[in-house]
Amino acid sequence: MALITDKTRDEVREIVFDFFAEECEVDKQTIHDGTNIIKDIDGDSLMFLELIEIFKKKYNLDIELKVIGKYAVKHPVTTIGQLIDMQMLIIEHENHLLELER
Amino acid sequence: MVEKVVVTGMGMISSLGFTLESNWKNLVEGRSGVHTISRFDASSLATRIAAEVSPGFEEFSRNYIKKRQAGQMTRVTRMCVTASKMAVEDASIDFDATDRRRCAVIMGVVNTGNSSVEKDTTLQNFVFKNMSNSMAAWISMEYRLNGPSFSVNTACASSAYALALGFDLISQGKCDIVICGGADSIVNPEEISGFNALYALSTSNDLPEQASKPFSRDRDGFVIGEGAGVIILESFSHAVGRDAKIHGEFAGYATTSEGYNIMAPAADGEGMAYTMREAIANAGIEAGEVDYINAHGTSTELNDRYETFAIKKVFGDLACKIPVSSSKSMIGHTIGAAGSIEAIITVMALREGILPPTINYRLPDPDLDLDYIPNIARVTEARVALSNSFGFGGHNATLVFRKHPS
C-alpha cells in the first residue's frame, strides 16, 4: 500500500485536468470536480483506461485492469472528482483495491 | 405505396478537392488528380502513381471531426465522416426535428485503410480503426440516429450497393432519410504490389496525369484513387415536407452477380448487360430514354472492352448516340468509394446539364467505338443517366438517376 501525500494528490489532479483539457479540446479552467465527463465535455469511457495506463507507468503500479473493472462496476465514475478519487485509491491500494469492499 | 427516392445532399472528397464544388469544377475542366505517390516511398514498386487526396485534408477535416474522435479513426474513416457531415449540411437536415428511428446509415466499405502507411495506430485504437462497421457507426453516433446502420462490401461496387440498399429502405417506407456512400484508399505498398502481381494497374509512371486512359487503345490498367462520396437519400414526401432542395431523383437500380470469376468480368460483358437491362426495367424507363452513362471505365483491357460490348447489347443501334464517360480518367479508381462518388458525378451532370469528359482519350481503340465524350466536357439536356459499378468477384450494380424539375 503506497503512501499518499498531498503532493501525489496534486500531481494526479494536474494530470487528469491536463488530460481531459487536451483530449476533449476544452479550456482547462472550465473543468472542475463536478464536471460530468460524458455529458459536459464529450469524453468517453476509453479515457479512463488511458489514464490508468498513464498512472501505471508514472507510479509503477502493480494492478490488473480486471481488478479496477470489478471495483468500477460497484463504484461508477461519472465526474472528474470521482475519477480523481478512484485514481487515488488505485495508486494507494493497487491489486488490493477490492479488499476495500470487505 | 412505393415512395419516390430523391437526393437531397451530397459530399465528396477526392484527389480533385475536398468539397463537392471544387471536385465538380475540376471534373468539368478535365483535370487529372493523378500524381507520383507522396504518402510513402514507392520507388521500388512497379506502379508509383496514384490519385491521392491532398495532405491538406487533415487540416480541413478538423473543421468536422473532434481531435478525440479523429484519433480513433483511420484517415479513410475521417474522409467518410467529413464527407457525411458535408452532405448533411448540404441537405440542411435538422435531426432534432426528424424521427431519428427512421434515419439510417449504409456505407460501402472494402477496408478502413488501416494499412502500413496509416499513422498513429496504437493498441488502444487498433480495433476501432480496423472495424469495417466503424464508418457507419461514427455517423450514426454523430447524429444519434436509431435506424439501421451498417456497412456492405462488394469490392468496387460497395458504395453503389449501399445506395441500392438505401433506395430499398426508403422506397419500401421503412426510412425517411438514409445517409449512403463509402470511402476508400488502397494507396499502400501491399495493395499496390498485390494489384501489380495481377497486372491490373497502370505503370505509366512517367506521365502520371495521362496514365488513366479509359477506352483508349493504349490503356494499360487502372490507377488507384482514394476519397469518399456520401449521398443523402430521402423520400420525396419527406423532402417536400421540409422544403428541402432536391438535387435529383434516384429512379431505380439493379444489383447482380456474374457467378463467374474472382477477377475477370464474364465474356463479352454479358453480366454487365444483364445488370443495365435490369436497372432500366426497375426504374420503369425505356432504354431509349437514357441520355448519359457514367461508365465503370477502369482503363483496363477487359473492363473497357466488355463494358462497351455490354452497352451495345443493351442499347443496340442507339448505343453510339449515348454519351459515355469515365470519371476514373481524372480521379482514378476509388475502389469502395467509386460507386457513390460516381453516382454524385452522375447526379451533378444531370443537375448542371454538363457531362464530364473522359480525359486522356487520344488513341481510339478500333473495337471500342462509342461516344466517350473525349477530353472536353459537354453541355447537354440529359434527363436520365446510368452509373455503372462492377466489382472483383462479379458484384455488379447499375444505378439510374433522373433529373429533377427543381
> Taking atom CD of Glu23(A) and atom NZ of Lys66(B), what is their separation to the nearest 0.5 Å?
Replying inline: 12.5 Å
>> Looking at Asp6(A), I want to see if its CG is surrounded by more than 12 non-hydrogen atoms of other residues, nucleotides or ligands under 6.0 Å.
In response: no
What pairs of donor and acceptor atoms, side-chain ones from residues 64-72 of chain A against any protein atom, are under 3.5 angstrom apart with sequence neighbours left out?
none

> Do Lys67(B) and Glu25(A) meet the salt-bridge criterion of a basic N to acidic O distance under 4.0 Å?
Replying inline: no
>> With a strict 4.5 Å heavy-atom criterion, list every residue of residues 26-51 of chain A that contacts chain B, or say none.
In response: Asp42(A), Asp44(A), Leu46(A), Met47(A), Glu50(A)
> Could you name the residues of residues 124-131 of chain B that have a heavy atom within less than 4.5 Å of a heavy atom in chain A?
Replying inline: Gln124(B), Phe128(B)
>> Which residues in residues 81-114 of chain B have any heavy atom closer than 4.5 Å to a heavy atom of chain A?
In response: none
